[in-house]
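Presented below is the structure to which this report refers.
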Amino acid sequence: MFMTQPDTRQQLRQQVRQQRSALSHSQQQEASQAILDLLQHDPNIANMQHIALYLAFDGEVNLTGLIEWLWQQNKHVYVPLIDPHQDGQMCFHRYQATSPMQTNRFGISEPVFDKSQVTTSQQLDVVLAPLVAFDSQGNRLGMGGGYYDRLLATINGEQPLVIGMAHDCQQINQVPVQAWDQPLKQIITPSKHWRW
Ligand SMILES: Nc1ncnc2c1ncn2[C@@H]1O[C@H](COP(=O)(O)OP(=O)(O)O)[C@@H](O)[C@H]1O
Ligand SMILES: [Mg+2]
């Protein structure tokens with residue numbers, strides 16, 4: 001989706017979320033399958049043991065098939081939780097087929113918090129991050145909570161690798177970047193693996 005006029009971040013979020021919600025069930029399934037194929041053939045993923053991802057919401061690329069495949073490989077899978085003890089922070093919680101789940105205040109499914117199941121981001125090999133919009137430079141616009149910016153600000157060096165996950169229709173001409181926004185080093189869409 002390309003804009004000719006500069007637009008505010010909130011308007012861009014709304015426009016792209018609307019486009020994403022308009023994807024049909026079969027377009028969603030094809031997107032998930034394309035991304036699963038790509039990750040199943042990625043030699044880096046094959047070597048990773050601790051993988052954080054997200055439970056799709058609002059038309060985000062659904063990673064359920066990927067999660068099943070990772071579980072079959074005995075990989076450790078984590079999903080983000082808003083940290084109940086640290087304001088504005090997100091933590092990563094182990095996610096297994098047996099994890100007790102609940103729906104959080106945003107309507108997103110999440111595991112019931114259990115401190116023993118929380119990992120530090122340094123222990124993760126990769127974080128597959130949702131996003132609302134991105135551009136060809138790797139700039140990311142999220143839902144507006146700033147959680148991934150705060151996570152990325154704490155990462156020195158290469159680990160964990162944070163990869164944005166998106167439908168192709170979430171690409172916009174240019175994300176209006178703010179000082180705190182952290183660009184991504186990789187983004188995966190059904191048609192392209194972007195690296196910067
Ligand atoms: N490293 C950080 N430390 C403190 N606050 C941050 C940090 N990164 C982002 N924020 C805050 O999070 C809020 C939302 O960030 P924004 O970039 O608009 O959301 P998103 O990245 O989810 O689209 C902003 O008010 C911003 O000040
Ligand atoms: Mg941001």
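One-based numbering, in listed order, for ligands and for the atoms of each. Worth knowing before you read on, the calculation uses all heavy atoms, side chains too, and leaves out hydrogens, waters and symmetry mates.
Proximity of a side-chain donor or acceptor of Glu68 to a complementary backbone N or O of Gly65 within less than 3.5 Å is not detected. Side chain of Trp196 to main chain of Ser136: a donor-acceptor pair is present (N/O by atom type, distance under 3.5 Å, no hydrogens or angles). Between the Asp135 side chain and the Asn173 main chain, no donor and acceptor come within less than 3.5 Å of each other. With hydrogens and angles ignored, the 3.5 Å screen pairs a side-chain donor or acceptor of Trp71 with a backbone N or O of Tyr95.
Residues passing the side-chain contact (heavy atoms from CB on, under 4.5 Å) test with Pro111 are Val79, Leu81, His93, Met101, sequence neighbours excluded. For Gln89, there are no side chain to side chain donor-acceptor pair (under 3.5 Å) partners at least two apart in sequence or on another chain. Residues that satisfy the side-chain contact (heavy atoms from CB on, under 4.5 Å) test with Gln123, not counting sequence neighbours, are Thr119, Thr120.
Heavy atoms of Gln182 stay at 4.0 angstrom or farther from ligand 1. Judged by the shortest distance from any of its heavy atoms, Gln178 lies outside the 4.0 Å radius around the atoms of ligand 1.
Asp149 OD2, 2.9 Å is the protein heavy atom nearest to atom 21 (O) of ligand 1. Of all protein heavy atoms, the one closest to atom 18 (O) of ligand 1 is Arg9 NH2, 3.0 Å. Nearest protein heavy-atom contact of atom 14 (C) of ligand 1 is Gly144 O, 3.3 Å. From the protein, the heavy atom lying nearest to atom 12 (O) of ligand 1 is Arg150 NH2, 3.0 Å. At the top of the distance list for atom 25 (O) of ligand 1, counting protein heavy atoms only, stands Trp180 CZ2, 4.4 Å.
The two residues Leu124 and Ala52 come nearest to each other via the heavy atoms CD1-CB, 3.8 Å.
The existence of a salt bridge linking Arg9 and Asp181 is confirmed by a sub-4.0 Å separation between a basic side-chain nitrogen and an acidic carboxylate oxygen.
Remark: ligand 1 atoms within the under-4.0 Å shell around heavy atoms of Ala153 are 1 (N).
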| request: Starting from the C-alpha separation in whole Å, work towards a yes-or-no answer on side chain to side chain donor-acceptor pair (under 3.5 Å) for Gln14 and Arg17. | output: CA-CA 5 Å; Gln14 270 179 18; Arg17 286 180 68 177; over 6 Å; no
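For the residues Gly88, Gly146, Pro130, Ala179, the heavy atom positioned nearest atom 19 (O) of ligand 1 is part of Gly146.
Counting only protein N, O or S atoms, 2 lie closer than 2.8 Å to the Mg ion (ligand 2).
Contact annotation: for Val132 versus ligand 1, there are no heavy atoms closer than 4.0 Å.
Taking the six-membered ring where tryptophan is involved, the planes of His50 and Tyr78 are tilted, since the angle between them lies from 30° to 60°.
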